[in-house]
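Reviewing the structure listed below.
In the text below, chain A, chain B and the rest are named by the order of the sequence lines, each starting its count at 1.
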Number of protein chains: 2
Amino acid sequence: MEKSAPLVPDMFDAACPSAASPFRIADKWGGMVVLCLEAGPRRFTELRVPLQRIAPKVLTETLRSLERDGFITRTVFDENPPHVEYELTPLGRSLLPAIAACREWGFANLDAMRAARERYDGDGAEAA
Amino acid sequence: MEKSAPLVPDMFDAACPSAASPFRIADKWGGMVVLCLEAGPRRFTELRVPLQRIAPKVLTETLRSLERDGFITRTVFDENPPHVEYELTPLGRSLLPAIAACREWGFANLDAMRAARERYDGDGAEAA
DNA sequence: GAGACTAGTTACGTTGCAGTGACTGGGTCC
DNA sequence: GGACCCAGTCACTGCAACGTAACTAGTCTC
């Protein structure tokens, strides 16, 4: 199997500006997990690779929450070592077009938003 | 001027299921404020009408945050009584298609999500 | 002169999301 | 017999978002 093929290219860099996006899907990591699962089922540890900065506790919470909402399924394979797979449901896949719209907005407008922010903050700092 | 023409039909009812939507724009009220401004500029108190449950403090914070991000402008008319108008910028309008995609998802899938949630919670309650 | 209107501000409290760090348990590898 | 693997759990902490309640300034109306 491929070792570290990029599941999703950007967005997972700590310096990625997507953290500033005004759109949030489910909780902080929910949208990224859904994108990571777009290409097919993944295991817990496989998800941790692209989501470098996520703590196992937080990933567990995110996955449980997505499972509760019917966006993903959790399948336990009774093997050794333990093997758990997460996969998008059709309902989870239904999120993808809306997420794509949010990402498109980001590509087109995030820079403008950040510039506006700097302008606003700069004005405040200079006025003081 | 029209007195209480519905700025946006639903979404502002306290019982509205949109509160459960997995999509969040800016902060909790940001998306709704943008929608309220879609039809044209509005005053502080005019925004409070459809957003019944919002506290003035929270609305101020929301508006300041949207202004900082360059989504709205704040114009003070030096009149009496005081008169302040909020209006979408082109950048703010650029959010509308993505917001529309999120709302479309809601119309099509919110019920399925809520059903999944009830199923999940129900299973847990019965197992205990 | 009491009250209302507009557009907020201030002080304070609660809740919940997110994060850290340590730990678990069954099995395999060396 | 110690270390490692996977897929987590547990106890705790920090902090920002959200909310309530009360209050403000200047003007206008009753």
Revision key, fill the gap. Expected string for nucleotides 3-21 of chain D under the B/S/- scheme (protein heavy atoms, under 4.0 Å, primed atoms plus P, OP1, OP2 as sugar-phosphate) is ---BSBBBB------BBB-
Check your understanding: Can you tell me how far CD1 of I72(B) sits from CG of L91(B), rounded to the nearest 0.5 angstrom?
Key -> 11.5 Å
Revision key, fill the gap. Heavy-atom closest pair (C36(A) atom, L47(A) atom, distance to 0.1 Å) is CB-CD2, 3.7 Å
Review point. Tell me: CG of D78(A) to C1' of dG26(C), nearest whole Å?
Key: 11 Å
**Study point:** Interatomic distance where CZ belongs to F77(B) and C1' belongs to dG26(D) [whole Å]
**Key:** 19 Å
Is the backbone of [Y] close enough, under 3.5 Å, to the side chain of [X] for a donor and an acceptor to pair up by distance?
| X | Y | answer |
| --- | --- | --- |
| R117(A) | G70(B) | no |
| R24(B) | G31(B) | no |
| S65(B) | E61(B) | no |

